[in-house]
Amino acid sequence: MVQDKGMHSTVGAALAGCLISVGLSAVLGFQTFLYFQVFPMDKFKYKLLVGVLFLVTWVWLFDAAHTILICTSIWQYAVNNFTNPNFVEEIVPTLAINVAMTAITTVTVNVFYAWRIHKMSNGNWALTWLIGALLFARTGLALVTTVEMILTKTFANFAANFNTVLTAGLSVSAATDIVVSLARYYYLRNLQQGYSGSQEMVDAVVVFTINDGCLTCAVVIATITCLLRMPDNFIWLGIYFTIAKLYSNSVLATLNLRNWYRHQRPMGIPLTHQRPQAFRSTITSHNASRVSSDRKRNNLRPTKEIDSPSPTMQVFVDQQVEYNVTVSHQRRDTEDARSLASM
């Protein structure tokens with residue numbers, strides 16, 4: 001009975017985490033397909049992170065490799081050593097490499113977010129360097145953890161000397177999530193001042209940013225808690241398997257959400273253009289005096305003058321295009337006034 005309970009909390013917990021990870025990997029594949037099929041015109045620099053480009057993509061490649069490593073590790077514990085329950089004390093090499101792959105995935109996603117934050121903050125290098133330092137520390141701790149897992153070979157030996165390194169790496173990951181989420185929230189809220197027409201989009205992205213950051217941070221904290229409180233089972237490992245999947249799906253969901261709102265409504269500021277009143281008044285008075293003199297010469301009865309309403313135009317454009325449209329119409333109005341004055 002004790003042995004069965006041990007298998008449930010070790011191999012069973014790891015298997016559950018593996019199944020959830022495979023499901024999240026399928027969601028990532030669907031998001032990548034959706035991104036390229038529905039939004040094929042996005043910029044080349046974004047596509048370097050999310051789709052099939054030069055045979056494979058960065059995020060999808062590491063997610064696929066991560067899924068293979070998880071399944072291989074579970075196969076070693078649950079199938080190849082099914083009759084050897086003591087094998088759960090061993091650390092298979094694929095499980096150790098999985099730690100490094102998780103770190104690479106999380107760092108890749110956070111580098112993308114750091115680049116976006118740098119652009120939204122108009123080049124806030126202090127914040128960018130802070131995020132970069134956290135990512136560097138996260139990568140270094142993960143590589144040390146991977147190497148020591150391979151060298152120590154058992155969970156007992158690893159926990160005795162290097163469990164702190166694994167915990168520190170996860171703690172840095174949680175701290176990075178907090179910094180990135182707060183920075184994204186702060187600068188996205190500031191976008192409302194310059195893009196009042198995109199209030200709904202900004203609000204949706206802000207809500208998603210908060211939920212996304214809270215979810216990844218909560219999963220990392222849950223992993224740390226289970227690792228410290230229950231180091232003798234694999235519950236922490238099953239939760240740990242899902243971390244990289246959540247990060248990969250978050251960046252795809254961010255891009256798909258942005259593009260969905262971009263295609264739902266035109267981005268920019270509404271512009272209503274009307275011919276300037278000064279030009280219209282000058283032209284109208286000039287035409288009225290000319291028509292009056294012609295009628296007196298030809299002995300025609302005066303008729304009621306009809307002032308036709310000036311045409312209006314309303315478009316959704318970006319600021320640079322808006323300026324060009326305005327200048328173009330003002331130039332056209334000036335040319336019309338000059339042509340009428342010379343008649």
Side-chain angles (χ1 to χ4, degrees), residues 21 24 28 45-50 56-66 69 96-149 162-188 205 208-224 227 236 239-255 258:
S21 298
L24 292 174
L28 178 67
K45 55 188 177 183
Y46 282 108
K47 290 186 177 181
L48 287 175
L49 290 173
V50 293
V56 290
T57 67
W58 184 258
V59 170
W60 184 86
L61 174 65
F62 273 87
D63 179 78
H66 184 260
L69 288 173
I97 298 174
N98 180 273
V99 175
M101 298 295 293
T102 300
I104 293 175
T105 301
T106 57
V107 168
T108 300
V109 173
N110 282 319
V111 164
F112 169 77
Y113 287 144
W115 172 68
R116 291 293 301 158
I117 291 171
H118 184 77
K119 290 189 63 179
M120 289 188 295
S121 64
N122 294 324
N124 189 338
W125 284 105
L127 181 58
T128 305
W129 281 110
L130 173 61
I131 298 175
L134 291 172
L135 296 179
F136 181 79
R138 172 75 175 98
T139 305
L141 292 170
L143 292 179
V144 172
T145 301
T146 299
V147 173
E148 294 301 331
M149 276 186 168
F162 300 100
N163 218 21
T164 305
V165 179
L166 177 59
T167 305
L170 293 173
S171 301
V172 172
S173 179
T176 306
D177 288 342
I178 295 173
V179 173
V180 169
S181 297
L182 290 177
R184 291 171 64 195
Y185 170 79
Y186 176 77
Y187 290 111
L188 282 172
V205 175
F208 172 79
T209 299
I210 296 174
N211 294 335
D212 176 43
C214 290
L215 177 61
T216 54
C217 186
V219 171
V220 173
I221 293 175
T223 304
I224 297 173
L227 176 62
W236 70 270
I239 301 174
Y240 183 82
F241 285 157
T242 64
I243 293 177
K245 308 300 182 183
L246 295 175
Y247 277 97
S248 299
N249 276 283
S250 71
V251 68
L252 263 297
T254 299
L255 295 174
R258 180 205 57 167

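Worth saying up front: this structure is predicted, and the values here are computed from it rather than measured.
Separation of atoms CD1 (I224) and CD1 (I239) is listed at 11.0 Å; rounding is to 0.5 Å. Taking OG1 of T105 as the start and CG of L246 as the end, the distance is 11.5 Å to the nearest 0.5 Å. With rounding to the nearest 0.5 angstrom, the CG atom of D63 is 9.0 Å from the CG atom of L24. Residue H66 holds its NE2 atom at 12.0 Å from CD1 of I97, rounded to the nearest 0.5 Å. Atom-to-atom distance recorded for Y113:OH and I131:CD1 is 12.0 Å, nearest 0.5 angstrom. If you take OG1 on T145 and CG on L170, they are separated by 8.0 Å, rounding to the nearest 0.5 Å.
Of all non-hydrogen atoms in D177 and G213, the two that sit nearest each other are CB-O, 4.5 Å. The shortest heavy-atom contact between Y247 and S173 is OH-OG, 3.3 Å. A pairwise comparison of heavy atoms in A137 and V172 identifies CB-CG1, 4.3 Å as the closest pair. The shortest non-hydrogen separation linking F112 to V251 is CD2-CG2, 3.4 Å. Closest non-hydrogen pair, L28 versus S248, comes out as CD1-O, 3.6 Å. Nearest approach of A183 to I117, heavy atoms of both residues: CB-CD1, 3.7 Å.
Judged by distance alone, the side chain of T146 and the main-chain N or O of A100 form a donor-acceptor pair under 3.5 Å.
Between H118 and the choices T128, N124, L127, the side chain to side chain contact (heavy atoms under 4.5 Å, CB included) rule is met once, by T128.
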*Quick one: do T106 and R138 satisfy side-chain contact (heavy atoms from CB on, under 4.5 Å)? Show the steps, please.*
CA-CA 9 Å; T106 57; R138 172 75 175 98; 4.1 Å; yes

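A heavy-atom distance below 4.5 Å is not found between the side chains of F62 and T108. At a threshold of 4.5 Å between non-hydrogen side-chain atoms, the residues L69 and M101 count as touching.
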